[in-house]
Engineer: 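Provided herewith is a single structure, encoded as structure tokens, for subsequent inquiry.
All heavy atoms count here, side chains included; hydrogens, waters and symmetry mates do not.
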Amino acid sequence: MTLQELVHQAASIYSDKIAVCFDECNNQPPVYYTYKTVVNAASELSNFLLLHCDFQEIQEVGLYCHPGINLPSWILGILQVPAAYAPIDPDSPPALSTHFMKKCNLSYILVEKQQINKFKSSYETLLNYDTPKEYNDLVLFRLHWKNAEASLMLNDRKQNYEKEKMANSTNSENSNAEKTEERMDVRQKNCLAYVLHTSGTTGIPKIVRVPHACIVPNIQHFRVLFEITQEDVLFLASPLTFDPSVVEIFVALSSGACLLIVPTSVKMLPSKLAAVLFSHHRVTILQATPTLLRRFGSQLIKSTVLSASTSLRVLALGGEAFPSLTVLKSWRGVDNKTQIFNVYGITEVSSWATFHRIPEKFLNSTLKCELPVPLGFPLLGTVVEVRDTDGFTIQEGHGQVFLGGRNRVCFLDDEMTVPLGTMRATGDLVMVKDGEMFFLGRKDSQIKRHGKRLNIELVQQSILNLSEDPLKVSDESLFLNSGGDSLKSIRLLNEIEKLVGTSVPGLLEIILSSSILEIYNHVLQTVFPDEDLVFSKNYATKRKFSDIYQEETSGKSLHQKSVMTLNYDNELTAFTTVSRGSQILSLNSKFLTKLGLCSSAQSSDLISQTNIQNVKSLNPPALIGKSKDPSCTAKVSEEGTYGTAAKKMELHVRWRSDTGKCVDASPLVVIPAVDESSATVYIGSHSHRMMALDLYSGKVKWEQILEDRIESSACISKCGNFIVVGCYNGLVYVLKSNSGEKYWMFSTEDAVKSSATMDPTTGLLYIGSHDQHSYALDIYKKKCVWKSQCGGTVFSSPCLSLIPHHLYVATLGGLLLAINPATGNRVWKHSCGKPLFSSPRCCLQYVCIGCVDGNLLCFTHSGEQVWQFSTSEPIFSSPCTSASEQEIFFGSHDCFIYCCNMKGHLQWKFETTSQVYATPFAFHYQEGGDEMLLAAASTDGKLWILESKSGRLQSVYELPGEVFSSPVVWESMLIIGCRNNYVYCLDLLGGYQI
């Protein structure tokens, strides 16, 4: 019996019944497929694969996709070839997926069309492939590995097989009386169902090839155990790369039941997920890890998931340690009747091995119960043994669990044949008492979380992989001082949370400010809050940056009078500055320079960000924007060529300047009113260099080597004589704008990646630090005017509003703060719940900010949330407003650039080829009258020029490196930094300018 045969049996009985439901949870109706539709679609895919695939030995097909309505059909179509499916998570680290594909010697992979760009950008340097073949929403790639590693693996397999044959032959000759050992062969037709890999936390991930004979008993037993009927609704809770997903899919589809699928992002939103599962779709069977259940929170679990009126009949928890009975009882609502099971197993003997149903008497008892929950009884076809350290089976006491069974065997790594009945060590220690097994913990230093094993060595390896010089990294090292940076810290956070299987509150700030040892311990204490799992009591002392420059930056010197007191009122320079997000400032002039964005002068001669003019009162109601309307989506054409407008714009490199290392900072352009031809670009890089470049030629005017990396973008002083920039060493540097000479250094207690903001009414500069404070600096008196505790690391840049006079500061702790710029006192605060990498952006009526939870949030200046607009991925991009302040532009990790109006309604969205970290820049096209254009950058190095009203593509240009810097446009030039170490200036040819 095979998995596909189980589905075909059900389909023959329940042909017209709903088999799959996909709910995008975006206020659009769910999509449904019947069993007939699923089977027919699978058969078409099978025929397509048979036509285009020429398999060698092991028949396997990779599947690179996100969960969707077609997922079961795609899996079934591969199985019917017959071939094994090998799921590859588009969100997994490319290095891990590459190792998996190489180890499998994967020749064919089906890629979801929506993921094509991501797949190519992640693996293009590692793979060669023939011209891909398209089939509906899939594209079939044939892979050819560039190096000899795959062929070597194939040779290793053959050698292993020959050794196995020789060993068998020798055993047979030495013991003719013994029956020849029966073995399962991986190359046998219809043998394999799917291929997975372990999490790799033991060091190198193991490849696990799972035969139908191994997994089918699981499906059959759970159908009976859970009493599945055609009326049931099962939720696909597990990712495809986690083998319990196989149980969820095939228990449903072999029983005439319905399988519910939702986007992965929805699983991270507890209240939304609870409503979808138990209100909208009335899910009856839920198999999940305790981590997933805990995400709901005890209140929501009690009121919805395990309430008296819940639709949930069966809750099966597995993949990690089972909650205590006391905790379990506290989660149950009064009169709840849900059956709760503890299930246990390992990937190497896919999927579950034992089950234990929690007796009603324990769940209903009012007495406190601290009894441990047993692992329970073996599932169909499974053999469970507990062995002591000498390898002997025991009936009482402590030992390690071994799992197997005649057909419950899988092929690990290069195994070509495996003896039937092979027993696999689990590494899990148990206590056997009165015939029952109780889980004690892991045999080694691994820890299980969210169905995966966590080994602290892998956390260390992740850190080393992101460091510049791994050999010099010790446990006492700070991540930032070991080659880490803000973007790498985000990658490390994602990798650790993927390993742990849940979010780790506060981890980002620990990564950015603490030692590697403290990162380890924070992870452990979060994963196991009730256990004493500290790796070393000798915590590395947190480095105080002020100690390094004590003479220049001690508290005493901060308040002393300047040796060279500067009366800036007498030394004003008239100039205009242009910085990221279309921020245009014209200072110290009796008239405004020719700015396309400006119509009238303000009392301070300031044009901050965009034109300040009378805007109609919008008074928008509180609402949630929708980001999935295809009617207002501008897309890159599927052929890979970019459609352009009738008036084509071209981008050509005018100059580039080598900074020595990555340029993540954004440029500041300063144009003197008296001599526009002497305009200067100020920008820093990871090479510690702060540079001043001639805007028109790229010639280096000066460069100053600071003591550490620069990610902060420069800000100019009110007088125009100084440039202010933050540094990784915790210092804020004030440099003379005409020479780069150090004028003053102010010390915070941690890295400064925030960019300063200047108050044109007072001349004060405001800046944030990773030490969780924001500062107001008087650079002329060389003193700190105030220091304000922000309740979290300040990564982004403060934003100043003149009316009302507020300073807006965002933290990685998720707080948006309004601060009085004169005193540093807090006016109001709002907790967004997730880190804020985006900088706030304010206009006359509102202040907006992007959040890691994927929402763009809009507030009044009094702190009232007006609306939020939801994308499907985190937002690191800072918002940019149009000249009229009627539109707001921003990018998202979901690869789209968005335009919303000030009511939070989507105007258009444009799909790029990669994530968008950078802040867009809106600018005028003079020849087009009032037409505005938008410049944006995606992380793959592409620069996009769009019509700001429609989102229509005008031009695209690809730089030879990743881009996290934001573009700045002046006249017909676009300036931007690139991670290939260069700053670029590109001419916009075609008459587009401010």
Engineer: Please answer whether the main-chain N or O of E962 pairs with a side-chain N or O of T939 as donor and acceptor at a distance below 3.5 Å.
Structural biologist: no

Engineer: Check Q115 against P90 and note the closest heavy-atom contact, atom names and distance.
Structural biologist: OE1-CB, 4.0 Å

Engineer: Nearest 0.5 angstrom please: L138 CG to L49 CG, how far?
Structural biologist: 8.5 Å

Engineer: Do S46 and S43 pair up side chain to side chain, a donor and an acceptor below 3.5 Å, judged on atom types alone?
Structural biologist: no

Engineer: Judged by atom type as modelled, is there a donor-acceptor pair below 3.5 Å linking the side chain of T198 to the main-chain atoms of K206?
Structural biologist: yes

Engineer: Quick one: are N218 and R408 in side-chain contact, heavy atoms under 4.5 Å?
Structural biologist: yes

Engineer: Would you say the side-chain atoms of R223 pair up with the backbone N or O of S254, donor to acceptor, closer than 3.5 Å?
Structural biologist: yes

Engineer: Please give me the minimum heavy-atom distance between F402 and A425, naming the atom from each residue.
Structural biologist: CE2-CB, 3.4 Å

Engineer: Does R424 form a salt bridge (Lys or Arg N to Asp or Glu O under 4.0 Å) with E415? I'd like the steps, not just the answer.
Structural biologist: CA-CA 14 Å; R424 303 286 190 187; E415 291 178 344; 2.9 Å; yes

Engineer: Is it the case that the side chain of Y917 and the backbone of V963 share a donor-acceptor pair, with hydrogens and angles ignored and the cut-off at 3.5 Å?
Structural biologist: no

Engineer: Which pair of heavy atoms, one from R187 and one from T417, lies closest together, and at what distance?
Structural biologist: NH2-CG2, 4.3 Å

Engineer: For the residue pair Q287 / E248, report whether a side-chain donor-acceptor contact shorter than 3.5 Å exists.
Structural biologist: yes

Engineer: With rounding to the nearest 0.5 angstrom, report the OG1 to CG distance, T241 to L63.
Structural biologist: 11.5 Å

Engineer: Which class fits the ring pair W352 and F242: parallel under 30°, tilted 30 to 60°, perpendicular over 60°?
Structural biologist: perpendicular

Engineer: Do P205 and F100 come close enough that some side-chain heavy atom pair is under 4.5 Å?
Structural biologist: no

Engineer: Check whether any side-chain N or O of D23 sits under 3.5 Å from a backbone N or O of C25 as a donor-acceptor pair, and report yes or no.
Structural biologist: yes

Engineer: Could you tell me whether the side chains of S872 and S265 share a donor-acceptor contact shorter than 3.5 Å?
Structural biologist: no

Engineer: Whether the side chain of D232 engages the backbone of T229 through a donor-acceptor N/O pair (distance < 3.5 Å, no angle test) should be reported.
Structural biologist: yes

Engineer: Given the rule in the side-chain contact (heavy atoms from CB on, under 4.5 Å) test, do F48 and N136 qualify, once you have shown the distances and angles that lead to the verdict?
Structural biologist: CA-CA 11 Å; F48 169 80; N136 294 339; over 6 Å; no

Engineer: Are any non-hydrogen side-chain atoms of P30 and H281 less than 4.5 angstrom apart?
Structural biologist: yes

Engineer: Step by step, work out the side-chain contact (heavy atoms from CB on, under 4.5 Å) result for S107 and L143.
Structural biologist: CA-CA 5 Å; S107 298; L143 309 179; 5.8 Å; no

Engineer: Just by modelled atom types, is the A237 backbone N or O under 3.5 Å from a matching donor or acceptor in the K267 side chain?
Structural biologist: yes

Engineer: Out of curiosity, N190 CG to Q59 CD, how far, rounded to the nearest 0.5 Å?
Structural biologist: 9.0 Å

Engineer: Is there a side-chain contact between L412 and I207, using heavy atoms and a 4.5 Å cut-off?
Structural biologist: no

Engineer: Could you tell me whether D91 and K118 make a salt bridge, using a distance below 4.0 angstrom between a side-chain N and a carboxylate O?
Structural biologist: yes

Engineer: For the residue pair A10 and Y35, what are the closest heavy atoms and their distance?
Structural biologist: CB-CE2, 4.2 Å

Engineer: What are the two closest non-hydrogen atoms of C258 and K17, and how far apart are they?
Structural biologist: N-NZ, 4.4 Å

Engineer: Decide yes or no on side-chain contact (heavy atoms from CB on, under 4.5 Å) for K909 and E911, but give the supporting numbers first.
Structural biologist: CA-CA 7 Å; K909 63 178 183 177; E911 185 174 13; over 6 Å; no

Engineer: Counting neighbours of NZ on K36 that are heavy atoms of other residues, nucleotides or ligands and sit closer than 6.0 Å, is the number greater than 12?
Structural biologist: no

Engineer: Could you pull out all donor-acceptor pairs under 3.5 Å where a side-chain atom in residues 66-76 meets a protein atom, sequence neighbours excluded?
Structural biologist:
from, atom 1, to, atom 2, distance (Å)
N70, OD1, Y33, OH, 3.0
S73, OG, V38, O, 3.4

Engineer: Do H212 and L79 have side chains that get closer than 4.5 Å, going by heavy atoms?
Structural biologist: yes

Engineer: Is there a donor in the side chain of D940 and an acceptor in the side chain of T913, or the other way round, less than 3.5 Å apart?
Structural biologist: yes

Engineer: How many angstroms lie between atom CG of L196 and atom CD1 of I88, to the nearest 0.5 angstrom?
Structural biologist: 11.0 Å

Engineer: Kindly state whether the ring of F355 and the ring of H221 have centres lying under 6.0 angstrom apart.
Structural biologist: yes

Engineer: Side chains of V186 and L192: does their closest heavy-atom pair fall under 4.5 Å?
Structural biologist: yes

Engineer: Is a donor from one side chain sitting under 3.5 angstrom from an acceptor on the other, for S97 and Y64?
Structural biologist: no

Engineer: Return the NZ to OG1 distance between K942 and T912, rounded to the nearest 0.5 Å.
Structural biologist: 8.5 Å

Engineer: Can a donor-acceptor pair be found, under 3.5 Å and without considering hydrogens, that links the side chain of H893 to the backbone of P874?
Structural biologist: yes

Engineer: Counting distance only, does the side-chain N/O of T382 pair as donor-acceptor with the main-chain N or O of P378 below 3.5 Å?
Structural biologist: no

Engineer: With the side chain counted from C-beta on, respond yes when V39 and S15 share a heavy-atom pair under 4.5 Å apart, and no when they do not.
Structural biologist: no

Engineer: Parallel, tilted or perpendicular: which fits the ring planes of F55 and Y108, with parallel below 30° and perpendicular above 60°?
Structural biologist: perpendicular

Engineer: Tell me, with the steps shown, if L106 and F141 meet side-chain contact (heavy atoms from CB on, under 4.5 Å).
Structural biologist: CA-CA 10 Å; L106 204 61; F141 288 86; over 6 Å; no

Engineer: Would you check if R209 and C104 make a side-chain contact, meaning some heavy-atom pair closer than 4.5 Å?
Structural biologist: yes

Engineer: Kindly compute the distance separating CG (L240) from CG (D243), expressed to the nearest 0.5 Å.
Structural biologist: 11.5 Å

Engineer: List the atom of F411, the atom of D185, and the distance in Å for their closest heavy-atom pair.
Structural biologist: CZ-C, 3.8 Å

